[in-house]
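Inspection log for the structure reproduced underneath, given as C-alpha cells.
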Amino acid sequence: MFNFLHKTFLHGRHTITASSTHKLFFLPNPSSLISLKFISSAGNQHSFAVSYLINSCGFSPESALKASKHVQFESPEKPDSVIAFLNNHGFSKTQISEVVKKYPILLASDPEKTLLPKFEFCDSKGVSRPLLVKIICFDPSILHRSLESQWVPSFEILNDVLKSDEKTIFAITRYLAHGPKTYLRPNVNILKENGVPESNIAKILYHHPRIFFCKPDQFRESVEEVKRMGLNPLMFAFVLALRALRGMSKMTWKKKINVYKGWGWSEEEILMAFRRFPCFMSISEDKIMGMMDYFVNIMGLESSFISARPGLLVFSLKNRVVPRGSVAQVLLSKGLVEASSLSTLFGSPEKLFLEKFVYRYQEEAPQLLKLYTDKLDFSKAAQK
C-alpha cells in the first residue's frame with residue numbers, strides 16, 4: 001500500500017494535509033496479488049499508476065489497467081494531494097473511492113488550481129457541503145469544467161429562472177457540458193419570448209433538462225410546432241408537449257401515431273389527446289400496444305373511451321392497471337360504478353383507491369380485496 005506523503009498543501013484559507021492518517025482504503029489481500037501480471041503487462045510507463053489505483057483506490061486489476069491509459073503519474077504526490085483535498089472537504093473514504101472510480105483522471109488534477117475554485121464558488125453561494133459532495137459523486141467530471149466559461153454562466157442562467165442557489169447548483173451538473181451560452185440561454189429566451197411563464201420554464205428546466213440541449217433554431221421549430229398543435233404557451237401542458245416532442249425523433253413520433261391509428265384513433269382524436277395530456281406520447285410503442293390491448297380486449301372498453309382519457313395510458317400495466325382493472329371489471333359488471341369513474345379508480349393513491357372502490361363495496365362484492373391483493377402479489381412475484 002502506498003502511504004500518503006507527510007506533506008501539507010496550503011490552498012487559500014484551506015489547509016490540506018496528506019498524511020498516513022488519510023491512507024486509502026484497501027488493505028492488500030491475496031486476490032490483489034493478481035495485479036502483478038497486469039502491472040507487468042502495462043509496461044513501465046503505466047505500472048505505478050496501475051499499482052496506485054489497485055492498492056490505494058480499490059480498483060480491480062482490469063479496471064486499473066484500463067484507467068491507467070487515461071491517467072498517468074509516476075509518483076504518489078499528485079494523486080495523494082487530490083485524495084487529501086477531497087478528504088478535507090467532506091468526502092468519506094467510500095465517496096472518494098466512488099469518485100475516483102468514476103473519473104480516475106481527477107487524480108491528475110492540481111487541487112489548488114482546478115478543484116478549490118469550484119468549492120469556493122459553491123461556498124459563496126451558500127451550498128451545503130453534503131449537497132456538493134452528493135453532486136460530485138454523481139458526476140465527478142464537473143470538477144474539470146471551466147469555472148469562467150461553464151460554471152459561472154450556467155449558474156447565472158439557471159439561477160435567473162430557478163431563483164434558488166441550491167436548486168441551481170443541483171441542476172448545474174446537467175448543463176455544464178452543453179454550452180450554457182450557445183444552447184441554454186437562447187432556448188430559455190425563446191420560451192420567454194413566446195409567453196411561457198417563468199414558473200413553468202423553471203419546472204421543465206429543473207426536471208427535464210435534455211430538451212434544451214439542441215441548437216436554438218431546432219428548439220424554436222419545436223416551439224412553433226407545439227403552438228400549431230393548439231397548445232397554449234401559458235399552460236403547463238405546453239412545456240410538457242415540448243418535452244414529448246423533443247424527446248423523440250420524427251420517425252418515432254410517426255410510428256407512435258400509426259400505432260394509435262391502428263387502434264382506430266383518428267388524427268383529430270390523437271391531437272385532442274395530446275392537448276389534454278401530452279405525456280401519453282412519451283410511452284413506448286410496446287407499452288401502447290399492451291395498455292390498449294388490456295383496456296379494449298380484456299376490459300371491453302371502447303378505444304375512443306381511452307383517447308378521451310389518455311392519462312390512463314401512463315400507469316404501470318402490471319403494478320396498477322391489471323390489479324385495479326380486476327376490481328373495476330367486477331364493479332362494472334355489478335353496476336356499482338360507471339365507466340366515467342375509471343380515471344379516478346386508476347389514478348387514486350392506494351389508500352383512497354381501497355377506501356373508495358374496495359372497502360366501500362364489501363357487502364356487494366366481498367371478493368374484491370382478495371382479488372386485488374392476489375393480482376398485486378402475482379405482479380410483484382413475476383418481477384422478482
Side-chain angles (χ1 to χ4, degrees), residues 153-154 156-163 167-168 171 174-175 178-285 287-288 291-292 303-304 306-314 343 347:
S154 292
E156 290 174 349
I157 297 166
L158 289 167
N159 198 45
D160 183 54
V161 177
L162 297 177
K163 312 297 184 187
K167 280 187 176 181
T168 297
R174 294 168 282 184
Y175 293 95
H178 297 276
K181 294 180 180 178
T182 305
Y183 300 126
L184 181 55
R185 190 189 296 278
N187 292 340
V188 167
N189 287 340
I190 288 170
L191 292 181
K192 290 181 178 180
E193 291 165 8
N194 281 275
V196 178
E198 282 201 2
S199 59
N200 291 348
I201 298 175
K203 289 175 185 176
I204 207 72
L205 190 70
Y206 188 76
H207 294 289
H208 305 290
R210 288 185 178 276
I211 73 166
F212 294 91
F213 301 160
C214 65
K215 295 179 180 179
D217 58 343
Q218 296 174 330
F219 190 81
R220 189 181 295 277
E221 181 183 335
S222 297
V223 170
E224 293 301 321
E225 180 65 21
V226 173
K227 287 167 67 177
R228 284 193 293 271
M229 292 179 183
L231 285 104
N232 185 346
L234 294 174
M235 305 302 291
F236 187 61
F238 186 89
V239 290
L240 291 179
L242 182 63
R243 176 208 170 198
L245 191 64
R246 289 226 44 85
M248 68 191 83
S249 66
K250 291 183 179 180
M251 179 68 72
T252 300
W253 181 272
K254 289 179 181 179
K255 286 181 179 179
K256 291 182 181 181
I257 294 293
N258 288 333
V259 172
Y260 286 117
K261 284 184 176 180
W263 286 96
W265 294 22
S266 66
E267 288 193 7
E268 182 58 29
E269 282 180 308
I270 296 172
L271 183 57
M272 288 296 294
F274 188 63
R275 290 171 185 162
R276 288 191 185 101
F277 194 77
C279 298
F280 91 100
M281 281 298 292
S282 297
I283 64 177
S284 69
E285 294 165 56
K287 183 174 181 180
I288 294 171
M291 297 292 280
M292 290 300 297
S303 181
S304 58
I306 307 302
S307 69
R309 299 163 181 81
L312 291 172
L313 296 171
V314 302
S343 292

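Predicted model only: the values in this text are computed from it and were never measured. Heavy atoms only: backbone and side chains are in, while hydrogens, waters and symmetry mates are out.
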Nearest 0.5 Å, please: how far is [atom2] in [Y] from [atom1] in [X]?
| X | Y | atom1 | atom2 | answer |
| --- | --- | --- | --- | --- |
| Met292 | Ser307 | CE | OG | 7.5 Å |
| Glu224 | Ile190 | CD | CD1 | 9.0 Å |
| Ile157 | Phe212 | CD1 | CZ | 11.0 Å |
| Asp160 | Arg185 | CG | CZ | 7.5 Å |
| Arg246 | Ile204 | CZ | CD1 | 12.5 Å |
| Leu313 | Lys287 | CG | NZ | 8.0 Å |

Does some side-chain heavy atom of [Y] sit less than 4.5 Å from a side-chain heavy atom of [X]?
| X | Y | result |
| --- | --- | --- |
| Lys256 | Ile288 | yes |
| Leu205 | Leu184 | yes |
| Lys163 | Glu198 | yes |
| Lys255 | Val259 | no |
| Lys261 | Glu267 | yes |

May I ask you to decide if [Y]'s main-chain N or O and [X]'s side chain share a donor-acceptor pair within less than 3.5 Å?
| X | Y | value |
| --- | --- | --- |
| Arg275 | Met229 | yes |
| Asn159 | Thr168 | no |
| Asn194 | Val196 | no |

Taking all non-hydrogen atoms of both residues into account, name the closest pair between [X] and [Y] and its distance.
| X | Y | answer |
| --- | --- | --- |
| Ser282 | Ala244 | OG-CB, 3.6 Å |
| Tyr206 | Ala171 | CD1-CB, 4.0 Å |
| Gly264 | Glu269 | O-OE1, 3.6 Å |
| Ala241 | Leu231 | CB-CD2, 3.7 Å |
| Phe280 | Val314 | CA-CG1, 4.2 Å |
| Trp263 | Ser303 | O-OG, 2.7 Å |

Taking the six-membered ring for Trp, are Tyr260 and Phe274 closer than 6.0 Å centroid to centroid? no

Could you check whether atom [atom1] of [X] has more than 12 heavy atoms from other residues, nucleotides or ligands sitting under 6.0 Å from it?
| X | atom1 | value |
| --- | --- | --- |
| Lys192 | NZ | yes |
| Arg210 | CZ | no |
| Glu221 | CD | no |

Go through it in stages, so that I can follow the logic: the residues are Leu245 and Glu225, the test is side chain to side chain contact (heavy atoms under 4.5 Å, CB included), and I'd like the CA-CA distance, side-chain angles, deciding distance and then a yes or no. CA-CA 9 Å; Leu245 191 64; Glu225 180 65 21; 3.7 Å; yes

For side chain to side chain contact (heavy atoms under 4.5 Å, CB included), just list the numbers for Phe238 and Lys227, CA-CA rounded to whole Å, side-chain angles, deciding distance to a tenth of an Å, and then say yes or no. CA-CA 8 Å; Phe238 186 89; Lys227 287 167 67 177; 3.6 Å; yes

Ile257 vs Met281, test: side chain to side chain contact (heavy atoms under 4.5 Å, CB included). Steps then yes/no. CA-CA 9 Å; Ile257 294 293; Met281 281 298 292; 3.9 Å; yes

